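A short worksheet on the structure shown next.
Computed from a predicted model, the values in this text were never measured in an experiment.
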Amino acid sequence: MSGSQLTGSFKLMKSMNRSVILHLIRKHKQISRAEIAKKAHLTPPTVTNIVNELLEVGLVKESKVGESKGGRKPILLSMNSKSFYVVGLDIGGQKIRGVLTDLNAEVEESVSINFQKGLSKEDLLSNIKNVITSLIANSKVEKTKLLGIGIGMHGMVDHHQGVALFAPNLQLTNIPLKKELEEEFDLPVYVENDARAFALGEAWFGNGYGFENLVCINVGIGIGAGIVMNGQLYHGKNNIAGEIGHTIVDINGTKCTCGNYGCLETVASGRALVEKAKEELSNGKSSLLQDVVNKDEITGELIFQYAQKGDIVAKDILVQTGKSLGVGILNLVNFINPERVIIGGGVSKAGSYILDPIQSLIASKALTEDARKTEIVPSKLGNYATSIGAVTLVLFDLFSADPVGKGQLTIEF
């Protein structure tokens, strides 16, 4: 082995050890150097040297003194969450929701803008850049304190190249997000499908914490799923794993935005919810929704509000949507067998109207007794689920000890 190979191997090992130590400090909240050495199977001098580097750059801090186990009381280490910050964007079919957070994904600043119809690729990139610029300016965080930018993009994404291959709700293709934004902001950029970003965020900071196998389903204008298997995001060979919205439930059904007919999105998405309401009204059903003069103003949120007021038609639309969504989730439960299914996105805000029919279907139709007990729960992160998931893409690189990971983050030690 050559000298350069030895140097490269040493740097890789040191980087992996650093990530392992950071991961343990983040996971345990407060931990001593001795405990780190024990759990990471590292020598005390190695831990001391790396911890000193982390203290010097401010990533970790010494907190309180721990309990003694016979000798001197140990000084506990914890993450210095305000030492660095991350930008995360949720790019959906109608809006961009951006956040700037600390290392614990606590939101320091947020910005949201709606898209105009007929958005071009250049318009989209300009809007994204404006949101990022506003987040940084409003937060007054120094550029040197920014670790990177994460993006959760709806549709099909090449996460290696950072390209949005197809955004069906915007009808745009091959958007070079990573290239454009790294050139503009001189920061590492991580791009992922919105549902997978959502899943990673829930796994780290939400209702997926502590679960090795879970499915997170984002139900908004469209429907997408993020799959976590053995603690890792699952992409599939061509990056389309989780496109549950485009699984066909009725071969003779309505045409979908993807070009096929009878996709799950055509019967269980936010768009389908609104179309169902308009159809019921055109059929003469008596509902409070008839008071809406401009039927284009009917939204999923409005349907939910009227359901809460006791409107039978509004309630029935939500329940039927829950049942249709439940069919797709039942297939996932039987096929993937997750420990938990998390529902997020706008439609999930309808709460029990949507969740109860799903849980009922799983409880009666899943293949085994244990599968029938699969938990169906709402997102803990709510409106910020995908944007915080986008933040987690950056944090994953910082805390991951995987030598074949993205490895884009650079912090001077």
Side-chain angles (χ1 to χ4, degrees), residues 88-93 97 99 105 150-160 162 164-169 190-247 263-265 268-270 325 328-333 335-348 358 374-397 400 405-406:
L89 302 185
D90 170 8
I91 305 176
R97 181 178 281 115
V99 297
I151 295 177
M153 178 76 194
H154 89 277
M156 281 166 275
V157 168
D158 181 338
H159 69 288
H160 292 298
L165 300 174
F166 178 46
N169 294 313
Y190 303 73
V191 182
E192 185 56 272
N193 164 268
D194 59 349
R196 283 195 283 267
F198 160 41
L200 192 61
E202 286 287 338
W204 275 49
F205 300 107
N207 279 335
Y209 185 78
F211 291 87
E212 287 287 303
N213 300 282
L214 64 122
V215 173
C216 295
I217 301 176
N218 193 15
V219 190
I221 296 176
I223 304 174
I227 302 168
V228 176
M229 298 178 68
N230 299 320
Q232 301 289 324
L233 285 179
Y234 180 70
H235 293 87
K237 182 180 179 181
N238 302 117
N239 295 303
I240 62 170
E243 288 292 342
I244 182 178
H246 298 293
T247 55
C263 292
L264 183 63
E265 280 190 10
S269 65
L325 186 58
I329 294 174
L330 173 64
N331 290 332
L332 275 180
V333 167
F335 189 64
I336 297 176
N337 192 206
E339 299 168 75
R340 173 174 279 192
V341 176
I342 300 173
I343 312 292
V347 173
S348 69
I358 297 172
T374 303
E375 291 183 288
I376 312 295
V377 300
S379 164
K380 179 181 178 180
L381 303 177
N383 289 337
Y384 291 131
T386 297
S387 49
I388 287 179
V391 165
T392 312
L393 295 171
V394 182
L395 297 180
F396 183 84
D397 198 21
S400 172
K406 298 184 180 74

Heavy-atom pair with the smallest gap, counting every atom of [X] and [Y]:
X      : Y      : value
Cys263 : Gly245 : CB-O, 3.3 Å
Pro168 : Gly155 : CD-CA, 3.7 Å
Ala225 : Ile217 : CB-CG1, 4.1 Å

Non-neighbouring partners of His235 that pass ring-ring contact (aromatic ring centres under 6.0 Å, His included), sequence neighbours left out
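Counting only residues at least two positions away or on another chain, His235 forms a ring-ring contact (aromatic ring centres under 6.0 Å, His included) with His159.
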
Answer yes or no: is there a side-chain heavy-atom contact under 4.5 Å between [X] and [Y]?
X      : Y      : answer
Leu233 : Ile227 : no
Asn218 : Cys216 : no
Asp194 : Met153 : no
Leu214 : Val341 : no
Trp204 : Leu200 : yes
Phe198 : Leu381 : no
Val99  : Asp90  : no

For Ile223 and Ser269, run side-chain contact (heavy atoms from CB on, under 4.5 Å): C-alpha distance rounded to whole Å, both residues' side-chain angles, the deciding distance at 0.1 Å, then the answer.
CA-CA 6 Å; Ile223 304 174; Ser269 65; 4.0 Å; yes

Evaluation steps, side-chain contact (heavy atoms from CB on, under 4.5 Å), between Ile91 and Ile151:
CA-CA 7 Å; Ile91 305 176; Ile151 295 177; 3.6 Å; yes

How long is the straight-line distance from CG of Leu165 back to CG of Asn239, given to the nearest 0.5 Å?
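If we round to the nearest 0.5 Å, Asn239:CG and Leu165:CG are 7.0 Å apart.
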
How about OH on Tyr234, more than 12 heavy atoms from neighbouring residues, nucleotides or ligands closer than 6.0 Å, or not?
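Counting neighbours around OH of Tyr234, 12 or fewer heavy atoms of other residues, nucleotides or ligands fall under 6.0 Å, so no.
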
Taking only residues two or more places apart in sequence or in another chain, which ones pass side chain to side chain donor-acceptor pair (under 3.5 Å) with [X]?
X      : answer
Glu212 : none
Arg97  : none
Asn169 : Arg271
Ser379 : Glu202

Side chain to side chain contact (heavy atoms under 4.5 Å, CB included) with Thr247: which residues, sequence neighbours excluded?
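Testing Thr247 for side chain to side chain contact (heavy atoms under 4.5 Å, CB included), a comparison that skips the adjacent residues, returns Ile244, Leu264.
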
Checking the side chain of Asn193 only, and the main-chain atoms of Ala195 only, is there a donor and an acceptor separated by less than 3.5 Å?
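Flag set: sc Asn193 to bb Ala195 pair under 3.5 Å.
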
Under the side-chain contact (heavy atoms from CB on, under 4.5 Å) criterion, do Asn213 and Asn230 qualify, and how do the steps go?
CA-CA 6 Å; Asn213 300 282; Asn230 299 320; 3.8 Å; yes

Could you walk me through whether Gln232 and Phe396 satisfy the side-chain contact (heavy atoms from CB on, under 4.5 Å) test, starting with their C-alpha distance in whole Å, then the side-chain angles of each, then the deciding distance to 0.1 Å, before giving a yes or no?
CA-CA 11 Å; Gln232 301 289 324; Phe396 183 84; 3.9 Å; yes

For residues 384-391, run the donor-acceptor check on the side chains, cut-off 3.5 Å, and write out each pair with its distance to 0.1 Å, sequence neighbours left out.
| from | atom 1 | to | atom 2 | distance (Å) |
| --- | --- | --- | --- | --- |
| Tyr384 | OH | Ser110 | OG | 3.4 |
| Ser387 | OG | Tyr384 | O | 3.2 |

Tell me the salt bridge (Lys or Arg N to Asp or Glu O under 4.0 Å) pairs involving residues 335-344, sequence neighbours left out?
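Sorted result for residues 335-344: Arg340-Glu375.
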
Applying the side-chain contact (heavy atoms from CB on, under 4.5 Å) test to Ile329, which of Ile343, Thr374, Val215 qualifies?
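The side-chain contact (heavy atoms from CB on, under 4.5 Å) with Ile329 is passed solely by Ile343 among Ile343, Thr374, Val215.
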
